[in-house]
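Working notes, beginning with the structure itself.
Scope of the values below: all heavy atoms of this structure, side chains included, with no hydrogens, waters or symmetry mates.
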Amino acid sequence: MVLLLVSITVLHLVTLAMLLIATLEKSWWVWSESEITDLWYNCLHDNATDTWMCAASSENDWLQSIQALMVLSVVFSSISFLVFLVQLLAMSKGQLFYFTGFCQAFAGFTAFATCLIFTLHRKDILNDTKDVRKGHFGYCFVLAWICVPLLFISAFLYVHLRKRQ
């Protein structure tokens with residue numbers, strides 16, 4: 001039982017860390033080695049000073065919905081972890097971790113919606129004069145997609161997990 005709790009906790013923390021990285025890092029779309037775009041900024045690498053110069057991304061409805069959904073995913077996953085810890089200490093023997101599982105499932109749905117919207121509407125979101133075919137998805141986008149099944153797996157595990165002494 002202890003091994004199961006530790007593995008579920010580690011899975012949850014790893015997924016939460018991946019969600020945070022996917023939300024905050026600068027690599028959802030890569031134009032070239034020196035030009036990238038994320039959910040918040042468009043960045044250029046200045047070779048002379050070896051720094052990134054970033055400007056805020058142009059606002060549009062698709063981008064705002066993606067930003068909101070990724071933040072919601074992080075919030076749901078964080079709430080899920082905190083509720084799990086409270087339930088682990090306060091819940092009586094034999095009960096299930098339903099609320100924790102449902103919060104984690106909502107985090108999975110919001111991350112899935114984010115990835116799907118970015119995949120289908122990247123031309124509108126990037127809203128750039130460049131040809132989208134000259135770029136590719138960055139590692140943060142891939143991390144967000146990897147988080148989706150991990151969130152659903154942990155939600156499934158939480159819903160079926162029973163508290164034992």
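The number of heavy-atom neighbours closer than 6.0 Å to CZ of Phe137, taken from other residues, nucleotides and ligands shown, is above 12. Around CZ of Phe152, the count of heavy atoms belonging to other residues, nucleotides or ligands within 6.0 Å exceeds 12. Counted within 6.0 Å of OH on Tyr139, heavy atoms from surrounding residues, nucleotides or ligands total more than 12; the atom is thus considered enclosed. The neighbour count for Phe81 CZ, taken as heavy atoms of other residues, nucleotides or ligands under 6.0 Å away, is above 12.
Across every non-hydrogen atom of Asn60 and Asp124, the tightest pair is ND2-O, 2.9 Å. Nearest heavy-atom pair across Gly101 and Ala155 is O-CB, 3.3 Å. Nearest approach of Leu151 to Ala111, heavy atoms of both residues: CD1-CB, 4.0 Å. The minimum heavy-atom distance linking Ala56 with Asn42 is given by the pair O-ND2, 4.4 Å.
Taking the six-membered ring for Trp and thresholds of 30 and 60 degrees, Phe97 and Tyr158 have ring planes inclined between 30 and 60 degrees apart. Aromatic ring pairs are classed by plane angle as parallel below 30°, tilted from 30° to 60° and perpendicular above 60°; the pair Phe106 and Phe76 is tilted. Ring pair Phe118/Phe141 is tilted by interplanar angle, where 30° to 60° counts as tilted.
Considering OG of Ser78 and NE2 of His12, their distance stands at 7.0 Å, rounded to 0.5 Å. For the atom pair Ser154 OG and Ile8 CD1, the distance stands at 8.5 Å (nearest 0.5 Å). Taking CG from Leu143 and CD from Glu25, the interatomic distance works out to 9.5 Å, rounded to the nearest 0.5 Å. Rounded to the nearest 0.5 angstrom, Ser32 OG and His136 NE2 are separated by 8.5 Å. With rounding to the nearest 0.5 angstrom, the OG1 atom of Thr114 is 8.0 Å from the CG atom of Leu39. Distance check, rounded to the nearest 0.5 Å: CG of Leu24 to CG of Asp38 gives 9.0 Å.
Residues Leu88 and Leu5 meet the side-chain proximity criterion, which asks for heavy atoms closer than 4.5 Å. In this structure, Met70 and Leu19 have side chains that are in contact, with non-hydrogen atoms separated by less than 4.5 Å. Looking at heavy atoms from C-beta onward, Ser7 lies in side-chain contact with Leu4 at the 4.5 angstrom threshold. Looking at Trp28 and Ile125, their side chains never come closer than 4.5 Å, going by heavy atoms from C-beta outward. Taking 4.5 Å as the limit, every side-chain heavy atom of Ile66 sits out of range of all side-chain heavy atoms of His121. Phe84 is not listed as a side-chain neighbour of Phe99, based on a closest heavy-atom distance of 4.5 Å or more.
Val30 and Trp52 fall within the same hydrophobic cluster, where Ile, Leu, Val, Met, Phe, Trp and Tyr residues are linked whenever their side-chain heavy atoms come under 4.5 Å apart, directly or through other members. Residues Phe156 and Ile79 are members of separate hydrophobic clusters, defined by side-chain heavy-atom contacts under 4.5 angstrom among Ile, Leu, Val, Met, Phe, Trp and Tyr. In the hydrophobic clustering of ILVMFWY residues, with side-chain heavy atoms under 4.5 Å counting as a link, Leu82 and Val10 come out apart. Val86 and Tyr98 fall into different hydrophobic clusters, where Ile, Leu, Val, Met, Phe, Trp and Tyr residues are linked whenever their side-chain heavy atoms come under 4.5 Å apart, directly or through other members. Hydrophobic clustering (side-chain heavy atoms under 4.5 Å, transitive across Ile, Leu, Val, Met, Phe, Trp, Tyr) groups Val14 together with Leu85.
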Pair Ile153-Thr15, side-chain contact (heavy atoms from CB on, under 4.5 Å): steps then yes or no: CA-CA 11 Å; Ile153 288 168; Thr15 307; over 6 Å; no

Derivation and outcome, side-chain contact (heavy atoms from CB on, under 4.5 Å), residues Glu35 and Cys43: CA-CA 6 Å; Glu35 190 173 359; Cys43 299; over 6 Å; no

Trp29/Arg122 under side-chain contact (heavy atoms from CB on, under 4.5 Å): CA gap, chis, key distance, verdict: CA-CA 9 Å; Trp29 189 260; Arg122 66 182 174 269; 3.4 Å; yes

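Remark: side-chain polar atoms of His45 are not paired, donor with acceptor, to backbone N or O of Ile36 under 3.5 angstrom. Put simply, the side chain of Ser73 never gets that close to the backbone of Leu69: no donor and acceptor are under 3.5 Å apart. The backbone N or O of Thr23 sits less than 3.5 Å from a side-chain atom of Trp40, completing a donor-acceptor pair.
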